Chemist: 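Attaching a single structure in structure tokens format; questions to follow.
It should be emphasised that the depicted structure is a prediction, and the values quoted were computed from it without experimental measurement.
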Amino acid sequence: MPDNVRDVAPGLWIWRVDYPDWHPEAGWPRAVTSTCIAAGGEVAVIDPMKPMEETAEVWERLDARRPTIAVILKPDHVRDVDLFVDRYGARAYGPSLFWRNNIPKAELEGIEPGAELPGGFRALYDGRGRNETPLWAPEQRALIFADALTEREGVLRVWGTPWHEERVLPALRGLLELPFEHVIVSHGEPVHDRAAFERALELPPWTG
């Protein structure tokens, strides 16, 4: 069972869930991360997954401070966004395009790199060509990623693409201009610091 709930910074916490359709050939660990951030009068859930039945704390926290927006960072991270939109009446944001067998029922407002969302969150560009828009949360000085980075064997790594040197590294190095302190990723150990991000940019990409 994953480490279910973790506070990262004031107004920023995560929960982890075993992905229901996971299989050993998936290429990533079974537990995946969802994020909740309160900022600028808004409460955002990012790539939210339904908590496990035994994790009442997640629902208790969310019910006490109800999400006002739900954000999907990547087309294949639809997850349980419809559940959160229905339960809390949250406005939904995400990509403009989805896989045809994984389309949310909720009407999403499209986000592109550079867009500012309610609460002061800003969508970023990761250079990977996977339609991912990581988020910058300035109040918490945090970057939240879907799949651009991942943790393996205790080390934060950039997830590999054929254009790693050409597109990805310049885009991610550009994020160093932001004064972030926390980095959250979906797959592997979820919480990292700025030093781990900087080190990841110097390491070979993860292609396993």
Chemist: For the residue pair L124 and L178, establish whether any side-chain heavy-atom pair is separated by less than 4.5 Å.
Modeler: yes
Chemist: What pair of heavy atoms forms the shortest contact from V81 to A70, and how long is it?
Modeler: CG2-CB, 3.9 Å
Chemist: Indicate whether any N or O donor in one side chain lies under 3.5 Å from an N or O acceptor in the other, for D147 and H187.
Modeler: yes
Chemist: If you take all heavy atoms of D47 and A146, which pair is closest and at what distance?
Modeler: OD2-CB, 3.8 Å
Chemist: Please check: side-chain N/O of E132 versus main-chain N/O of F145, any donor-acceptor pairing under 3.5 Å?
Modeler: no
Chemist: Quick one: closest heavy-atom pair of I111 and I72, and the distance?
Modeler: CD1-O, 4.1 Å
Chemist: Mind listing the closest non-hydrogen atom pair of I14 and P190 along with its distance?
Modeler: CD1-CG, 3.5 Å
Chemist: Students often mix this up, so state it plainly: with edges at 30° and 60°, are the rings of F197 and F180 parallel, tilted or perpendicular?
Modeler: perpendicular
Chemist: Could you check, using the six-membered ring where one of them is a Trp, whether Y125 and W136 have ring centers closer than 6.0 angstrom?
Modeler: no
Chemist: Is any side-chain heavy atom of S34 closer than 4.5 Å to one of V45?
Modeler: no
Chemist: Is R6 close enough and on-axis enough to W13, meaning under 6.0 Å and within 45°, for cation-pi?
Modeler: no
Chemist: Quick one: do the T68 and R66 side chains pair a donor with an acceptor below 3.5 Å?
Modeler: no
Chemist: For residues V43 and I46: do they belong to one hydrophobic cluster (side chain heavy atoms under 4.5 Å, members Ile, Leu, Val, Met, Phe, Trp, Tyr)?
Modeler: no
Chemist: Would you check, one step at a time, whether the test side chain to side chain contact (heavy atoms under 4.5 Å, CB included) holds for D126 with W159?
Modeler: CA-CA 11 Å; D126 73 352; W159 217 316; over 6 Å; no
Chemist: Given 3.5 Å as the limit, does a donor-acceptor pair link the side chain of R157 with the main chain of P204, or not?
Modeler: yes
Chemist: Of all the heavy-atom pairs spanning V185 and E189, show the shortest one and how long it is.
Modeler: CG2-O, 3.5 Å
Chemist: To check you understand the geometry: which heavy-atom pair defines the closest contact between I144 and L73, and what is its length?
Modeler: O-CD1, 3.7 Å
Chemist: Given 3.5 Å as the limit, does a donor-acceptor pair link the side chain of Q140 with the main chain of A38, or not?
Modeler: yes
Chemist: Between W163 and R128 (side chain of the first, backbone of the second, donor and acceptor by atom type, cut-off under 3.5 Å), is there such a pair?
Modeler: yes
Chemist: Is E42 salt-bridged to R91, going by a charged N under 4.0 Å from an acidic O?
Modeler: yes
Chemist: Any side-chain heavy atom of L62 sitting closer than 4.5 Å to one from C36?
Modeler: yes
Chemist: Got a sec, which residues hit side-chain hydrogen bond (donor to acceptor under 3.5 Å, both in side chains) with R194, two or more places apart in sequence or on another chain?
Modeler: E198
Chemist: Can you list everything that forms a side chain to side chain contact (heavy atoms under 4.5 Å, CB included) with L169? Sequence neighbours excluded, please.
Modeler: H164, E165, R173, L201
Chemist: Please assess E177 against L175 for the test side chain to side chain contact (heavy atoms under 4.5 Å, CB included), listing each intermediate value before the final yes or no.
Modeler: CA-CA 5 Å; E177 297 178 5; L175 302 184; over 6 Å; no
Chemist: Spell out, yes or no, whether F84 and V58 are grouped together once hydrophobic residues are joined by side-chain heavy atoms under 4.5 Å, including indirect joins.
Modeler: yes
Chemist: Would you find a donor on one side and an acceptor on the other, under 3.5 Å apart, between the side chain of D80 and the backbone of K50?
Modeler: yes
Chemist: Judged by atom type as modelled, is there a donor-acceptor pair below 3.5 Å linking the side chain of W15 to the main-chain atoms of E57?
Modeler: no
Chemist: Group every Ile, Leu, Val, Met, Phe, Trp and Tyr by side-chain heavy-atom contacts under 4.5 Å, then state whether L203 and L156 land in the same group.
Modeler: no
